[in-house]
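It should be emphasised that the depicted structure is a prediction, and the values quoted were computed from it without experimental measurement. The figures that follow rest on heavy atoms only: side chains count, while hydrogens, waters and symmetry mates do not. Each ligand, and each atom within it, is numbered from 1 in the order the structure gives.
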Amino acid sequence: MMAKDELPPLRDVIRRHGLSARKSLGQNFLLDLNLTARIARAAGPLDGVAVVEIGPGPGGLTRALLSEGARYVVAVERDARAIAALGEIAAHYSGRLTIIEGDALTIDITAHIGGGPARLIANLPYNIATALLVRWLAVEPWPPWYDRMVLMFQREVAERIVAMPGSRQYGRLTVLVSWRCEAKILFDVARTAFVPAPKVTSSVVRFVPRPAPLVCSRANLERVTAAAFGQRRKMLRASLRSVAADPLALLRPAGIDPSARAEDIPVAGFVALANALESSEGEVVSDARNRGTSQGGPR
Ligand code: SAM
């Protein structure tokens, strides 16, 4: 039976193009067009919006994005076998689908989206999902080029993204996300919805960029969270030794109890630590300058 968009069923597409799923590419395909339409709709009205999709594969979500009214879709796919299958969708939706064969971890997508609102919507390859998310959170300048992201992760990763301080799931990823975005789990997708079925349940997560995140250097936020959560069972006065010779010199100005552990500290606390690190290193450099010595060189 033909689908609503009059393109062939995805099982036929997969068979004709020899798209047997490859684990190395994190391939778990969604073949139910009702489900892909639900994901597309979860991203809000798409009229006039340019959508960036990572990993379209055989194109189930791509088709939903186009039939839900996206102005156009830029789809980045690493698997050369999928490109011909996607070409059939591009022909059907003339001028509205650009397919880029490439690696989403390295490509500069902003060169392809033009002006107007843009949105990232994807059923991500699980093996690089977190790396992609961290990359999109690091976009400069901020606010970013996208007005929201709607992304599918393994449920366990989604729980880490939206975790609350004090919980087992609260960690570096939570802090980096919630510093710059408001994140919410929208709904779960059963493992049986995918072909092949992964081992675990998935979740669709929405990210809305904060227009004005608390001010700090992203690099320093990454450093303090890496140190603090790298040894999450230790007190901060011990775990922060990897970034500062005297952690108390960071913890005191940040107003944080030196015996607290990383998982007790809200995002604002890590921002204060990142700023204290910046000040302390600025002092080291200016002290050295005042003494006429140099501690310079790139860090
Ligand atoms: N969107 C399709 C769907 O929902 O059925 C496929 C999703 S599948 C979980 C992930 C897709 O990402 C695969 O098509 C895979 O080939 C692609 N992929 C894997 N690594 C990639 C990378 N580095 N850059 C771009 N695409 C990648």
Side-chain angles (χ1 to χ4, degrees), residues 3 5 7-43 51-68 70 73-90 97-109 111-113 119-136 149-158 186-205:
D5 57 14
L7 284 161
L10 286 160
R11 282 188 196 282
D12 287 6
V13 175
I14 288 175
R15 188 176 33 76
R16 271 191 297 116
H17 293 278
L19 276 171
S20 53
R22 289 192 179 148
K23 208 173 170 191
S24 60
L25 286 170
Q27 291 182 335
N28 300 94
F29 300 131
L30 289 173
L31 305 190
D32 177 351
L33 292 169
N34 291 318
L35 178 57
T36 57
R38 186 175 177 211
I39 297 169
R41 283 197 293 268
V51 176
V52 174
E53 186 193 359
I54 302 305
L61 182 56
T62 321
R63 285 164 59 169
L65 295 168
L66 289 161
S67 73
E68 289 297 320
V73 175
V74 180
V76 183
E77 175 56 63
R78 194 167 179 190
D79 187 348
R81 299 174 307 161
I83 303 301
L86 295 164
E88 293 172 8
I89 305 173
L97 173 60
T98 302
I99 305 153
I100 300 172
E101 185 180 343
D103 182 351
L105 280 172
T106 55
I107 202 159
D108 175 14
I109 202 70
H112 302 275
I113 49 175
R119 213 161 280 176
L120 261 160
I121 307 174
N123 170 18
L124 294 174
Y126 289 146
N127 42 359
I128 56 166
T130 318
L132 286 168
L133 175 61
V134 169
R135 188 163 188 256
W136 295 325
M149 303 189 275
V150 172
L151 307 171
M152 179 117 70
F153 296 90
Q154 293 179 325
R155 173 87 202 175
E156 171 267 324
V157 177
L186 297 182
F187 54 88
D188 287 345
V189 178
R191 44 185 291 283
T192 48
F194 299 85
V195 176
K199 289 200 177 75
V200 293
T201 302
S202 296
S203 302
V204 173
V205 185

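Ordered by chain and residue number, the residues placing a heavy atom less than 4.0 Å from ligand 1 are Leu25, Gly26, Gln27, Asn28, Phe29, Leu30, Glu53, Gly55, Pro56, Gly57, Val76, Glu77, Arg78, Asp79, Gly102, Asp103, Ala104, Asn123, Leu124, Pro125, Ile128.
Taking a cutoff of 4.0 Å between a charged side-chain nitrogen and a carboxylate oxygen, Arg41 and Glu68 qualify as a salt bridge.
Remark: Arg119 engages Ala43, Leu46, Val49, Ile121, Asp147, Arg148 in a side chain to side chain contact (heavy atoms under 4.5 Å, CB included) (not counting sequence neighbours). Partners of Asp12 according to the salt bridge (Lys or Arg N to Asp or Glu O under 4.0 Å) rule, which considers only residues two or more places apart in sequence or in another chain, are Arg15. Taking Arg38 as the reference, nothing meets the salt bridge (Lys or Arg N to Asp or Glu O under 4.0 Å) condition, with sequence neighbours excluded.
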Going through the checks in order, is the side-chain hydrogen bond (donor to acceptor under 3.5 Å, both in side chains) test met by Thr62 and Glu53? CA-CA 7 Å; Thr62 321; Glu53 186 193 359; 2.6 Å; yes

Given side-chain contact (heavy atoms from CB on, under 4.5 Å), test Met152 with Leu61 step by step and report yes or no. CA-CA 11 Å; Met152 179 117 70; Leu61 182 56; over 6 Å; no

